[in-house]
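What follows is a set of notes on a single structure, which appears directly below.
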Amino acid sequence: MTIAPDAGTTAAPVPTQSRYQNRVADYWNAEENPVNLELGRIDDLYHHHYGIGEADRSVLEEADPARRRERITAELHRLEHAQAELLAGHLGPLSPADRVFDAGCGRGGGSVVAHLRHGCQADGVTISAKQAAFAAEQARKRGIDGQVRYHHRNMLDTGFETGAYAASWNNESTMYVELELLFAEHARLLRRGGRYVVITGCYNDAYGRASREVSLINAHYICDIHPRSEYFRAMARNRLVPVHVQDLTADAIPYWELRRQADHLVTGIEDTFLTAYRDGSFQYLLIVADRV
Ligand code: SAH
């Protein structure tokens, strides 16, 4: 930088993370919600996203309290896992030689799912140092740390090799960043013909601006949910051409209905999600795009 050296000032270092990003990192470094940890412990696949599909509500009828808790936990995990499998199913076809990029990887479950399904090499990136270390340890324990790696980095500036990736995704992590910057980085990392997949909550332009519930969700997670339109606008400007769009809102409701009754796992945001999904102000969306 060359800011007025003659005036005797020193150049301010450009921070690698904004203050907002530091706050997001603090949140995830401190996060220990049972809904994330207890579900993950079942099979060491740690997902920090929501579930989809029909829920087996018979778990609520279980008479033994300890067994009831266990069965509800397992059922929610099954639904979260189904969501991860849906995403991974849209990444292919991939071979063991292919590399994939998991942007905002949390405790790492998504990269493991993609690796187990496609045999591919994965790079997961999270702004939380603690999550990156946790995920790396999980991969080591599984003996797949040669193929699945986790990095404490900013997904907007990964420093990874241009054009080196066959597929990339964001699973519930786009609401922490500006989409233009994010998609520019995906477009840079993906090879021509590569696949990009996102699953996200977004507010519904057809409803209007963000509803009260959407604002409550933003405050709860310290994030900034984008409108649906913004995804397509930002993709079109960054060489990402949608090939499949799926509204998962109705599929997401059984998960939230079950979770709100899981006294040992609730975080307090459950009814807000249900209201937002039901009144049409909020949508759960899958978008698959080709990098052209
Ligand atoms: N995709 C994961 C985690 C979702 S939670 C899963 O499906 O389980 C949101 C994640 O986004 C957290 O891991 C958080 O650290 C990450 N994140 C938020 N902003 C980020 C940024 N600028 N760079 C990298 N990761 C970020």
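As the structure lists them, so they are numbered: ligands from 1, and atoms in each ligand from 1.
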In ligand 1, which numbered atoms sit nearer than 4.0 Å to a non-hydrogen atom of [X]?
{"X": "V24", "result": "18 (C)"}
{"X": "G106", "result": "2 (C), 3 (C), 13 (O)"}
{"X": "V177", "result": "22 (N)"}
{"X": "N171", "result": "1 (N), 2 (C), 4 (C), 7 (O)"}
{"X": "N154", "result": "21 (C), 22 (N), 23 (N)"}
{"X": "E172", "result": "4 (C), 5 (S), 9 (C)"}

Can you tell me if G110 contacts ligand 1 (heavy atom of the residue under 4.0 Å from the ligand)? no
With a 4.0 Å cut-off on heavy atoms, is R153 touching ligand 1? yes
Evaluate L156 for polar contact with ligand 1, using N/O atom pairs at a separation under 3.5 Å. no
Is T126 close to ligand 1, meaning an N/O of one under 3.5 Å from an N/O of the other? yes
among protein heavy atoms, the one nearest atom 10 (C) of ligand 1 is G104 O, 3.7 Å
Which residue supplies the protein heavy atom nearest to atom 20 (C) of ligand 1, what is that atom called, and how far is it? M155 CE, 3.7 Å
Within reach of ligand 1, part of Q131 (heavy-atom separation under 4.0 Å): side chain
Keeping the roles fixed (side chain from H118, backbone from A88), state whether a donor-acceptor pair exists under 3.5 Å. yes
Are the charged groups of R99 and E161 less than 4.0 angstrom apart, N to O? yes
